[in-house]
Amino acid sequence: MIYDEIYNFCKVKNSGHFLHNTLELPTPRVQFIVDLLEREGIPYDLIMFKTESIEGTALFGWNVILPGTSNRMVTAHHDIVNPESDNANDNSCSVINSIALKKLLPELNVAIIDGEEVGGVGSTYLARQINEGFYHQIDWVLNLELTGRGGKTFLIDSSIGPLHDRVISMFPNCTVMPVPFNDSEIFRDNGIDSIVINPLPLLEDGSLDTSVLHLCHSIEDSVDKISISDMKEFVEDVLLPLCR
């Protein structure tokens, strides 16, 4: 089962965050993604892009594009902050879930992007490509964050637009709330309808367990804290109907 690849993915360690990337080779995590796509027979484009730091130093990023024919796109960032962590929920699960979704819905556009943790560098590059027509007409972008726990109980950010309305119409009991920075902000800043979606487990009183959010970037974001069954439920019962 594709979801089990989370255990292998979390073993792969980058040297650090986006600023440690080099021109010569993709990061180990990008290489894992590419190898997995090839084993699964999923076509992809590996795109290296260049930007500059505030000091003018050349920086390199890697976006992995799984092209489709639909007018919808799902994104998940693959870069990390803490190389000592499994980075399981942030955001390895979302990478695996996006690939699982692509297998179920081949016409969907999927982008696994770099540089979210340093301000959305990869999403800025991707937004420019979308607006220049590289992916035909993209009506909206659904951004996956922290999708390893929760299944059908999830939150979306409070940004208003057609995608937000679609989620609410299909899942009227989902939670809507302000969220920290994520790549959906970059897409909206570039005139592209986008929201972030984040499943969370429930507490005994029926409220969302937001304590999961505080594990990000720490050694506590370990693979033993995610749920394969929740990942599968989220992809197949939430993402699949949303993206059809």
Side-chain angles (χ1 to χ4, degrees), residues 44-45 47 49 61 63-79 90-91 93-95 97-102 104-147 150 152-200 208 213 234-244:
Y44 68 90
D45 296 317
I47 298 175
F49 60 89
N63 286 352
V64 187
I65 308 298
L66 288 51
T69 57
S70 79
N71 58 357
R72 297 163 180 179
M73 179 177 282
V74 163
T75 59
H77 76 86
H78 63 73
D79 61 306
D90 184 22
N91 199 27
C93 287
S94 298
V95 171
N97 285 341
S98 68
I99 296 172
L101 180 61
K102 177 69 175 181
L104 294 169
L105 200 61
E107 65 268 29
L108 182 68
N109 297 280
V110 172
I112 306 173
I113 50 184
D114 210 346
E116 189 268 353
E117 301 288 9
V118 292
V121 184
S123 53
T124 298
Y125 186 85
L126 178 61
R128 185 180 308 120
Q129 288 191 308
I130 291 172
N131 285 332
E132 291 175 357
F134 277 68
Y135 307 104
H136 310 291
Q137 174 66 38
I138 299 297
D139 290 342
W140 49 252
V141 176
L142 182 62
N143 185 45
L144 310 186
E145 278 280 0
L146 314 182
T147 61
K152 288 188 289 188
T153 60
F154 63 88
L155 64 84
I156 60 172
D157 67 61
S158 52
S159 302
I160 303 300
L163 177 55
H164 177 277
D165 294 344
R166 177 177 176 82
V167 176
I168 295 299
S169 68
M170 296 179 69
F171 299 93
N173 295 323
C174 78
T175 299
V176 179
M177 60 183 289
V179 297
F181 171 82
N182 63 86
D183 282 319
S184 68
E185 289 189 32
I186 299 294
F187 296 118
R188 290 194 300 273
D189 287 347
N190 284 272
I192 300 164
D193 184 23
S194 183
I195 61 171
V196 67
I197 187 167
N198 176 183
L200 288 172
L208 293 178
L213 304 176
F234 177 65
V235 170
E236 298 178 15
D237 294 349
V238 177
L239 295 182
L240 186 58
L242 273 176
C243 296
R244 277 192 173 127

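Positions are given from 1, in the same order as the sequence printed here.
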Novice: Is there a side-chain contact between I168 and I156, using heavy atoms and a 4.5 Å cut-off?
Specialist: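 I168 vs I156: side chains touch.
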Novice: Report the C-alpha separation of V74 and L239 in whole Å, then their side-chain angles, then the decisive distance to 0.1 Å, and conclude whether the side-chain contact (heavy atoms from CB on, under 4.5 Å) test is met.
Specialist: CA-CA 9 Å; V74 163; L239 295 182; 5.6 Å; no
Novice: How long is the straight-line distance from NZ of K102 back to CG of L104, given to the nearest 0.5 Å?
Specialist: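 Those atoms lie 11.5 Å apart.
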Novice: Which atoms form the tightest heavy-atom contact between L146 and S94, and what is the distance?
Specialist: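 What the structure gives for the nearest pair is N-OG, 3.5 Å.
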Novice: Mind checking the CD1-CD spacing from I47 to Q129? Nearest 0.5 Å is all I need.
Specialist: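 I47 CD1 to Q129 CD: 4.5 Å, rounded to 0.5 Å.
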Novice: Knowing that exactly one of L126, V141, I192, T124 qualifies, which makes a side chain to side chain contact (heavy atoms under 4.5 Å, CB included) with I186?
Specialist: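 By the side chain to side chain contact (heavy atoms under 4.5 Å, CB included) criterion, I186 pairs with just one of L126, V141, I192, T124: T124.
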Novice: Any side-chain to backbone donor/acceptor pair from D165 onto I160? Under 3.5 Å, distance only.
Specialist: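 No, the answer is negative, given that no donor and acceptor are paired below the 3.5 Å cut-off.
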Novice: Indicate the atoms forming the closest heavy-atom contact of F171 with V238, along with that distance.
Specialist: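 Taking every non-hydrogen atom into account, CZ-CA, 3.7 Å.
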Novice: Taking side chain as C-beta onward, heavy atoms only, is I197 less than 4.5 Å from L144?
Specialist: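 They are in contact (side-chain heavy atoms under 4.5 Å apart), so the answer is yes.
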Novice: Within the structure provided, determine whether M73 and I130 are in side-chain contact (heavy-atom separation under 4.5 Å).
Specialist: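 M73 reaches I130 side chain to side chain.
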Novice: Which value, rounded to the nearest 0.5 Å, describes the distance between T175 atom OG1 and N198 atom CG?
Specialist: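 T175 OG1 to N198 CG: 10.5 Å, rounded to 0.5 Å.
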Novice: Kindly indicate, with the supporting measurements, whether the criterion side-chain contact (heavy atoms from CB on, under 4.5 Å) is fulfilled by D114 and V121.
Specialist: CA-CA 7 Å; D114 210 346; V121 184; over 6 Å; no
Novice: Can you tell me how far the CG atom of N143 sits from the CG atom of L163, to the nearest 0.5 Å?
Specialist: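 Here the interatomic distance stands at 10.5 Å.
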Novice: Is there a side-chain contact (heavy atoms from CB on, under 4.5 Å) between R166 and L242 once you walk through the steps?
Specialist: CA-CA 8 Å; R166 177 177 176 82; L242 273 176; 4.3 Å; yes
Novice: Specify whether F49 and Y125 have parallel, tilted or perpendicular ring planes, treating 30° as the upper limit for parallel and 60° as the lower limit for perpendicular.
Specialist: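 Answer is parallel, since the angle falls under 30°.
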Novice: Determine which pairs satisfy salt bridge (Lys or Arg N to Asp or Glu O under 4.0 Å) with at least one residue from residues 186-199, sequence neighbours left out, and list them in order.
Specialist: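 Listed once each, the pairs are D157-R188.
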Novice: Flag the pair L240 / L105 as yes when at least one side-chain heavy-atom distance between them is below 4.5 Å, and no otherwise.
Specialist: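 L240 reaches L105 side chain to side chain.
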Novice: So R128 and F134, do their side chains get closer than 4.5 Å, heavy atoms only?
Specialist: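 The answer is no; the side chains never approach within 4.5 Å.
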Novice: Roughly how far, to the nearest 0.5 Å, is the OG atom of S184 from the CH2 atom of W140?
Specialist: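 Taking CH2 in W140 and OG in S184, the distance rounds to 13.0 Å.
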Novice: Under a 3.5 Å threshold, yes or no: a donor from one side chain and an acceptor from the other, between N97 and T147?
Specialist: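 Yes, because at least one side-chain N or O of N97 sits under 3.5 Å from a partner of the opposite role on T147.
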Novice: State, to 0.1 Å, how close S194 and S159 come at their nearest heavy-atom pair, and which atoms those are.
Specialist: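 S194 and S159 have their closest heavy atoms at O-CB, 4.4 Å.
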Novice: To the nearest 0.5 Å, what is the distance between CD1 (I195) and CG (L142)?
Specialist: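 The CD1 atom of I195 sits 5.5 Å away from the CG atom of L142.
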Novice: Compare every heavy atom of S98 with every heavy atom of V95, then report the nearest pair and how far apart it is.
Specialist: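 In this case the closest contact between V95 and S98 is O-OG, 2.7 Å.
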Novice: Is a side-chain N or O of N182 found less than 3.5 angstrom from the main chain of P180, in a donor-acceptor match?
Specialist: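 Yes, N182 side chain to P180 backbone: donor-acceptor pair under 3.5 Å.
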Novice: Kindly indicate whether the side chain of L101, heavy atoms from C-beta on, has any atom under 4.5 Å from the side chain of L108.
Specialist: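 Contact flag for L101/L108 side chains = yes.
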Novice: Measuring only between side-chain heavy atoms, which start at C-beta, is D183 closer than 4.5 Å to H77?
Specialist: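 Side-chain contact under 4.5 Å: yes.
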Novice: Can you name the closest pair of heavy atoms from C174 and F154 and give their distance?
Specialist: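 Heavy atoms only, the tightest pair is CB-CE1, 3.5 Å.
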Novice: Determine whether H78 and N63 satisfy the following criterion, side-chain hydrogen bond (donor to acceptor under 3.5 Å, both in side chains), listing intermediate values before the conclusion.
Specialist: CA-CA 9 Å; H78 63 73; N63 286 352; 5.1 Å; no
Novice: Indicate yes or no for a side-chain donor-acceptor contact from D79 to the backbone of E116 under 3.5 Å, with no hydrogens or angles considered.
Specialist: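 At least one qualifying donor-acceptor pair exists.
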Novice: Please tell me if the side chains of H164 and V176 come closer than 4.5 Å, counting only heavy atoms from C-beta onward.
Specialist: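 A side-chain contact under 4.5 Å exists here.
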Novice: What pair of heavy atoms forms the shortest contact from K152 to D237, and how long is it?
Specialist: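 It is CD-CB, 3.7 Å.
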